[in-house]
There are 2 protein chains.
Amino acid sequence: MTSDPLDRFQTAAQLFKALAHPARLAILDVLRQGEECVCHLEAVLGFRQAYLSQQLAVLREAGILQDRREGWNIYYRIVRKDVFEILDAIRTVLPEQVQRDDLAEPHECDCPKCRRKESPAASSKAFLALNRD
Amino acid sequence: MTSDPLDRFQTAAQLFKALAHPARLAILDVLRQGEECVCHLEAVLGFRQAYLSQQLAVLREAGILQDRREGWNIYYRIVRKDVFEILDAIRTVLPEQVQRDDLAEPHECDCPKCRRKESPAASSKAFLALNRD
DNA sequence: CAATTACATTCAAGGAGTTGAATGTAATGA
DNA sequence: TCATTACATTCAACTCCTTGAATGTAATTG
């Protein structure tokens with residue numbers, strides 16, 4: 001009550017600062033479907049590797065992401081689950097695809113996770129093409 | 001899908017930028033309980049008038065607030081209702097008082113709205129004025 | 001119309017965020 | 001150990017945000 005309002009909302013403002021960038025929102029949109037390695041984000045989003053690392057560092061230092069090493073690759077995942085609620089809340093200003101999380105990203109990179117998905121005979125692209133109305 | 005991710009999330013990032021400031025979050029916290037005039041915000045938050053106007057302008061231009069003139073006073077209110085959901089979502093990093101919206105701010109200013117609330121009992125200022133000498 | 005009230009806008013200096021380029025590092029394999 | 005892979009960090013130029021100070025403006029009162 002008597003405390004400085006600027007102090008009281010400092011932590012919350014820091015969280016919003018981390019979200020106040022289109023590249024970081026795009027990253028979170030991909031990671032909504034589960035953890036991904038950096039090379040996958042690079043392929044899907046079309047960002048340069050160093051640029052991506054910088055934005056991932058901001059989200060990591062804000063406590064939104066955590067990373068996990070597995071051999072050569074480092075996988076990032078969302079650990080602050082309330083960002084899902086936040087993104088849901090502003091769905092009126094988000095692109096439509098962000099609101100439906102049922103469409104899986106097509107395979108576009110050479111990371112182990114992508115190769116595992118690829119191994120079944122049909123590629124996702126071919127499958128979608130065959131099953132379109 | 002093929003569009004630039006930076007473009008797709010530009011609008012959402014703009015919204016978060018407006019929220020990424022402790023003073024603006026403090027303003028929204030007060031306006032949660034209903035519209036208030038600038039002089040009331042000034043008294044409750046302890047900000048200078050010009051500073052307050054600047055922050056209100058940011059929130060207004062982001063489409064979060066709308067203003068309404070009534071005589072001398074200008075009343076601001078929240079028109080983007082999803083900011084309530086956003087603030088609820090990050091309640092883990094918000095001060096406790098923000099999470100309980102049952103405590104009304106005490107009267108601290110001379111705007112018409114505050115004077116209406118004050119009318120039942122004797123106002124301290126009016127009381128002092130009447131009983132001087 | 002002049003003065004007052006309540007609020008808005010402009011300006012400028014300083015600070016913080018952005019981003020390309022270059023470089024550093026841990027893990028793996030030969 | 002040396003090369004490679006996948007990713008991180010640093011640096012610098014640039015842009016954008018922040019904020020105090022000064023000034024402007026619409027509504028009201030006398």
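So you know, we letter chains A, B, ... as the sequences are listed, proteins then strands, and number each from 1.
Distance His21(A) NE2 to dC16(D) P: 12 Å, rounded to the nearest Å. Look at CZ on Phe16(B): it is 16 Å from P on dC17(D), rounded to the nearest Å.
Residues of residues 69-78 of chain B having a heavy atom closer than 4.0 Å to DNA chain C, listed by number: Trp72(B), Asn73(B), Ile74(B), Tyr76(B). If you check residues 53-61 of chain B against DNA chain C, the residues with a heavy atom closer than 4.0 Å are Ser53(B), Gln54(B), Arg60(B), listed by number.
You can see that DNA chain C meets the heavy atoms of chain B within a 4.0 Å-exclusive cut from dT5(C) to dT10(C), reading 5' to 3'.
The shortest heavy-atom contact between Ala13(A) and Leu25(B) is N-CD1, 3.6 Å. The two residues Ile64(A) and Ala18(A) make their nearest non-hydrogen contact at CD1-CB, 4.0 Å. Taking each heavy atom of Ala89(A) and Asp82(B) in turn, the nearest pair found is O-CB, 3.2 Å.
Partners of Glu42(B) according to the side-chain hydrogen bond (donor to acceptor under 3.5 Å, both in side chains) rule, which considers only residues two or more places apart in sequence or in another chain, do not exist here. Glu85(B) pairs by the side-chain hydrogen bond (donor to acceptor under 3.5 Å, both in side chains) definition with nothing, not counting sequence neighbours.
Put simply, the side chain of Lys113(B) gets close to the backbone of Glu35(B): a donor and an acceptor are under 3.5 Å apart. Counting only distance, with no hydrogens or angles, the side chain of Arg77(A) and the backbone of Val79(A) share no donor-acceptor pair below 3.5 Å. Between the side chain of Arg91(B) and the main chain of Val93(B), no donor-acceptor pair closer than 3.5 Å is present.
Here Arg24(A) does not pair with Asp29(A) in a salt bridge; the nearest charged N to carboxylate O distance is not below 4.0 Å.
Close to dT18(D), at under 4.0 Å from its OP1 or OP2, lies no side-chain N or O of Arg48(B).
Residue pairs meeting the salt bridge (Lys or Arg N to Asp or Glu O under 4.0 Å) criterion with at least one member in residues 44-64 of chain B: none, sequence neighbours excluded.
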